Amino acid sequence: MRIEASLASLSAALLAVSAASADVTQTIVQVNATGAELTAAGYSDVGNGNVLVSVGTECVQFGCFSLVGYSGDLAERGYFQFQFNDFNYVQYSGLFAVLDLNYGSSGIDRDGMIALINGQTAITGVTALLPSQAGNAGCQFDDFLSPNLLDAIVLSWMPNPGPTIGGLSQVFTFAWDVNGVGGNPLLGGSITVDGVYGVPAPGAIALLGLAGLAGRRRR
């Protein structure tokens, strides 16, 4: 079976299954469910109840910010929570996460996974991009991501509500399910998650100058 036909069939099946759920959707990524809802649905909290916090003023004098997240052998069906406090942002264009995957023997590569995720955007509100496509003209993700993340996927969405006073200080929840979505064997058991990170809006990044990048990572 050609991989293009397989991906199209899987995307259609995922859309049909996901449309039946309101808060927790059977999609590859999602941002609208709460931690409690995801836990009840069988997702693993890779942060073990911790909300990762990046404070915009903690190293602003050095022109850097914290890329908050986790690396290591992470759950294939999991979520994490994060927030950004005291960020001054310009040209706000939503929020971003970086998902680092190993595709193993799944038969899917990064372009195929991006196509699958974008086939579910109508449900999730999340768009998958290459690092070279994400950001804005003044600051794209491949300009500052570490070399080991340049083969990752950047996920973009517009949170509702938008930024609060103090800058992106609400708690955001990002979830993923990279294996067995919709029971389709294309994603069965061979894709692993090597890292997941939250990133503030590109305007905040551009304003801080990106002279450096401080990472907070836990296994």
Side-chain angles (χ1 to χ4, degrees), residues 27-32 38 43-47 50-56 59 64-84 87 89 92-104 108-118 120-121 124-136 138-159 168 171-179 191-206 208 210 212-219:
T27 51
I28 299 171
V29 298
Q30 57 187 298
V31 295
N32 295 319
L38 290 163
Y43 286 73
S44 298
D45 178 3
V46 300
N50 295 313
V51 176
L52 294 181
V53 181
S54 175
V55 180
C59 62
C64 62
F65 73 96
S66 292
L67 179 75
V68 296
Y70 299 92
S71 63
D73 185 12
L74 303 181
E76 295 164 1
R77 192 170 191 244
Y79 72 92
F80 84 118
Q81 295 182 302
F82 59 98
Q83 65 183 150
F84 301 101
F87 271 93
Y89 47 83
Y92 175 72
S93 57
L95 202 64
F96 295 83
V98 176
L99 186 61
D100 189 20
L101 301 176
N102 185 317
Y103 299 95
I108 297 176
D109 59 12
R110 180 172 63 170
D111 289 341
M113 181 61 75
I114 287 175
L116 288 174
I117 293 172
N118 288 340
Q120 301 170 345
T121 300
T124 64
V126 180
T127 300
L129 302 162
L130 297 171
S132 59
Q133 297 170 325
N136 55 44
C139 181
Q140 292 179 311
F141 276 62
D142 61 346
D143 292 331
F144 68 86
L145 283 180
S146 60
N148 64 305
L149 290 178
L150 290 178
D151 61 350
I153 297 174
V154 179
L155 294 312
S156 174
W157 71 97
M158 187 68 69
L168 302 171
V171 175
F172 302 103
T173 303
F174 179 81
W176 61 91
D177 181 0
V178 297
N179 277 319
I191 300 176
T192 57
V193 181
D194 294 337
V196 61
Y197 309 93
V199 186
I205 297 171
L208 293 180
L210 284 172
L213 179 64
R216 181 184 305 167
R217 303 176 180 176
R218 300 181 188 177
R219 190 177 177 94

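The structure displayed is predicted, hence computed values, not measured ones.
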Under 30°, 30 to 60°, or over 60°: which ring-plane class applies to Phe82 and Phe172, parallel, tilted or perpendicular?
tilted
[X] to [Y] - nearest heavy-atom pair and separation:
{"X": "Glu76", "Y": "Val193", "result": "CA-CG2, 4.2 Å"}
{"X": "Arg110", "Y": "Pro131", "result": "NH1-CD, 3.6 Å"}
{"X": "Gly69", "Y": "Tyr197", "result": "CA-CD2, 3.6 Å"}
{"X": "Phe80", "Y": "Val46", "result": "CB-CG2, 3.6 Å"}

Just verifying a value: how many Å separate [X] [atom1] and [Y] [atom2], rounded to the nearest 0.5 Å?
{"X": "Asn118", "Y": "Ile28", "atom1": "CG", "atom2": "CD1", "answer": "9.5 Å"}
{"X": "Leu101", "Y": "Asp194", "atom1": "CG", "atom2": "CG", "answer": "7.5 Å"}
{"X": "Tyr70", "Y": "Asn50", "atom1": "OH", "atom2": "CG", "answer": "5.0 Å"}
{"X": "Trp176", "Y": "Tyr79", "atom1": "CH2", "atom2": "OH", "answer": "10.0 Å"}
{"X": "Thr173", "Y": "Gln83", "atom1": "OG1", "atom2": "CD", "answer": "10.5 Å"}
{"X": "Ile117", "Y": "Ile114", "atom1": "CD1", "atom2": "CD1", "answer": "7.0 Å"}

Among all residues two or more places apart in sequence or in another chain, which pass the side chain to side chain contact (heavy atoms under 4.5 Å, CB included) test with Ser44?
Ala75
Find out whether [X] and [Y] are in side-chain contact, i.e. whether some heavy atom of one side chain is under 4.5 Å from a heavy atom of the other.
{"X": "Ile191", "Y": "Met113", "value": "yes"}
{"X": "Asp151", "Y": "Asp100", "value": "yes"}
{"X": "Leu130", "Y": "Asp111", "value": "yes"}
{"X": "Leu155", "Y": "Phe96", "value": "no"}

Please test Asp177 against Thr27 for side-chain contact (heavy atoms from CB on, under 4.5 Å), starting from the C-alpha separation and ending with a verdict.
CA-CA 7 Å; Asp177 181 0; Thr27 51; over 6 Å; no
For Thr124 and Gln30, does a side-chain donor sit closer than 3.5 Å to a side-chain acceptor?
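No - no donor-acceptor pair under 3.5 Å links their side chains.
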Val171 backbone acceptor or donor facing Gln81 side chain under 3.5 Å
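No; zero donor-acceptor contacts below 3.5 Å.
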